[in-house]
Amino acid sequence: MSGEVVGVWIGAILTLGIFSFLYKDNPFYKFSEALFVGVSAGYWFVVTFWQYFLPKLIDNLALAYTVLSVEGKIDYHWVYVLGGGLGVLMLLRLFPSVGWLSRWSLAFIVGTTAGLQFTRYLESNGIIQVKGTILPLIVGGNLNTTIGNLVIVVGTFCGLIYFFFSKEHKGAFGGAARVGVWFLMITFGALFGYTVMSRMSLLIGRMDYLFSNWLHLIG
Amino acid sequence: MRREVPLVLTAMVGLTMIVSHFIPPFNILNDLFEDWFFIIAAFAIYLGVLNLLRVNADKIYKKQADAPFGLVVILGFLVITIPGLFFSGGRSFSDPGTPFYYLYIHVYYPLSATMFALLAFFVASASYRAFRARNVEATMLLVAAFILMLGRVPIGDWMTAWLPEGYRLGEWADWIMDFPQTAGQKAIMIGIALGVVSSALRVILGLERAYMGGE
């Protein structure tokens, strides 16, 4: 048996192992689940090592060391020692007596994320979306676009009113909020529909794998 | 030291990231901080992995009922990590033909895809609960999801083939996606933007300290 055939058999057995949960929780499923947890951890460990740890930390420090040993100069890349240091502090969480030091690295992560997302969300989710909502409400000779633009402007405005909780949802304000809820429900319905379809397509993919790649009954 | 240093660090880094967006010479700090972010994130993943191994090793050591599965977790980790780190050609570890790629295609991918495919069955039961038209809002959700699911598959257009072009189920689905769905999505996105901006400001100004834990 070639390595490929063995691989397909392994994949098929593990697929059946996970599907066996549909009958009930059983050792075969638990084995597959535990293997999934271990393999996932290993997968991300390896990916992180080669794609982030090595190029971002080790390569920069190696460069700094090379410049120091060849030219005798202290290079800018030595600042990566601080990044590595903060990373090591993160691991101290495993030791309760000094675990509080991991807050420093966590603070760095939180600060970077807050600063980065502040401008990113304000620009892409805020300003660009508001700009995209400022549409002409009457488009001469094009009823479809006129209706469409009206739906977008009214829907977005009412949806935002629904999210405004500083004023009680009563009267005209409450009516607008209710219209906003309708638009949000249509959005959630569409998202739900897509979620169902994506899960179904994954299921079809696994069935195709079992019946086509493994058993060769179709295709 | 326990509270002040993290607060100052968060404020300094957060403000630097914001300032660097508006003042281009500060971009060098932005790039540096992004690199450090990835380095710390890598260590955070290692922390998670080490913790996972410790918890499972503990199970085996204490001979708990699910100790054999703890052993499977550890062996699963080693089975993909050792080839990935030492026998898969270094930086080209994920290229087709390497042992890491083989394990990804034949072990990791089937497990991961099947785990998510399993959700199809649970989504079916969730659909039943969500799709009961109890009021106007639930009915709108039901109708939107129904039109979209049918409109995106060939049977939807087949069922409405008798209608004139422009009024078939696929086109209804397109209209929902292009207009009412876009409107709702925009409202949600603008709401998220305002939420993120205010949360980010609270974190940077030190008003939000939940990330430091309860101590």
Side-chain angles (χ1 to χ4, degrees), chain A residues 7 10-11 14-15 18 30 34-39 41-43 45-46 48 50 52-53 56-57 83 86-87 90 100 103 105 107 110-112 114-119 121-122 125-126 129 148 151-152 155-156 159-160 163 182-187 189-190 192-193 196 199-200 202-203 206, chain B residues 2 6 9-10 13-14 17-18 21 33 35-40 42-45 47 49 52 69 72-73 76-77 80-81 84 91 93 106-108 110-111 114 116-117 119-120 123 137 140-141 144-145 148-149 179-181 183-187 189-191 193 196-197 200 203-204 211-212:
Chain A
I10 293 171
L14 294 175
T15 300
I18 298 286
K30 279 187 174 163
L35 189 66
F36 179 47
V37 172
V39 169
Y43 173 80
F45 189 94
V46 173
T48 312
W50 291 115
Y52 297 106
F53 187 77
K56 302 275 183 201
L57 181 63
L86 282 170
M90 184 63 101
W100 60 272
R103 283 182 187 169
S105 14
V110 171
T112 319
L116 206 63
Q117 305 298 41
F118 181 91
T119 46
Y121 270 83
L122 195 61
N125 271 29
Q129 293 307 322
V151 167
I152 288 178
T156 308
L160 282 173
F163 286 125
W182 293 345
F183 277 93
L184 292 175
M185 283 321 225
I186 292 173
T187 306
F192 190 81
V196 172
R199 299 290 175 237
M200 284 298 169
L202 269 176
L203 181 63
R206 295 323 296 158
Chain B
R2 291 189 180 212
L9 197 61
T10 305
V13 174
M17 297 301 275
I18 294 173
H21 184 80
F33 285 174
D35 280 354
W36 286 11
F37 179 93
F38 285 118
I39 292 168
I40 299 170
F43 275 101
I45 288 179
L47 172 70
V49 168
L52 178 79
F69 300 113
V72 174
V73 171
F77 172 77
I80 197 161
T81 307
R91 289 172 206 249
F93 69 103
H106 297 299
V107 180
Y108 178 76
L111 284 169
T114 315
F116 285 105
L119 293 179
V123 162
E137 285 82 12
M140 296 186 93
L141 188 137
L148 204 96
M149 283 192 284
F179 300 111
Q181 194 277 146
Q185 195 80 273
K186 273 176 185 289
M189 284 171 85
I190 295 167
V196 167
V197 166
V203 165
I204 290 168
Y211 66 90
M212 285 202 290

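Model, not experiment: these values are computed from the prediction. Letters A, B, ... mirror the listed sequences (proteins, then strands); counts begin at 1.
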Exercise. Which region of B:Tyr211, side chain (C-beta onward) or backbone (N, CA, C, O), has a non-hydrogen atom less than 4.5 Å from a non-hydrogen atom of chain A, or is it both or neither?
Worked result: both
For this session: Below 4.5 Å from any heavy atom of chain B, which atoms of A:Thr15 appear? Answer side chain, backbone, both or neither.
Result: both
Problem set entry | Heavy-atom proximity to chain A below 4.5 Å, by part of B:Val107 | both
Problem set entry | Greater than 12 external heavy atoms within 6.0 Å of A:Tyr121's OH | no
Exercise. Who wins among B:Leu47, B:Ile204, B:Leu119, B:Val123 for the most heavy-atom pairs under 4.5 Å with chain A?
Worked result: B:Leu47
Exercise. Checking heavy atoms, do the side chain of A:Phe36, its backbone, both or neither come under 4.5 Å from chain B?
Worked result: both
Seminar exercise, completed: Residue from A:Leu184, A:Thr119, A:Leu160 scoring the most non-hydrogen pairs under 4.5 Å with chain B is A:Thr119
For this session: Please work out whether the ring planes of B:Tyr108 and A:Tyr43 are parallel, tilted or perpendicular, with thresholds of 30° and 60°.
Result: parallel
Exercise. Given the options B:Val196, B:Val203, B:Ile45, which has more heavy-atom pairs under 4.5 Å with chain A than any of the others?
Worked result: B:Val196
Problem set entry | Rounded distance (nearest 0.5 Å) linking atom CG of B:Asp35 with atom CD1 of B:Ile40 | 11.0 Å
Problem set entry | Aromatic ring proximity, centroids under 6.0 angstrom, A:Phe53 and B:Phe38 | no
Exercise. Which bit of B:Leu52 comes within less than 4.5 Å of chain A, counting heavy atoms only: side chain, backbone, both or neither?
Worked result: side chain
Problem set entry | Winner by heavy-atom pair count (cut-off under 4.5 Å) against chain B, out of A:Ile10, A:Ile152, A:Leu116 | A:Ile152
For this session: Might you confirm whether atom CZ of A:Phe163 has over 12 heavy atoms from other residues, nucleotides or ligands at distances under 6.0 Å?
Result: yes
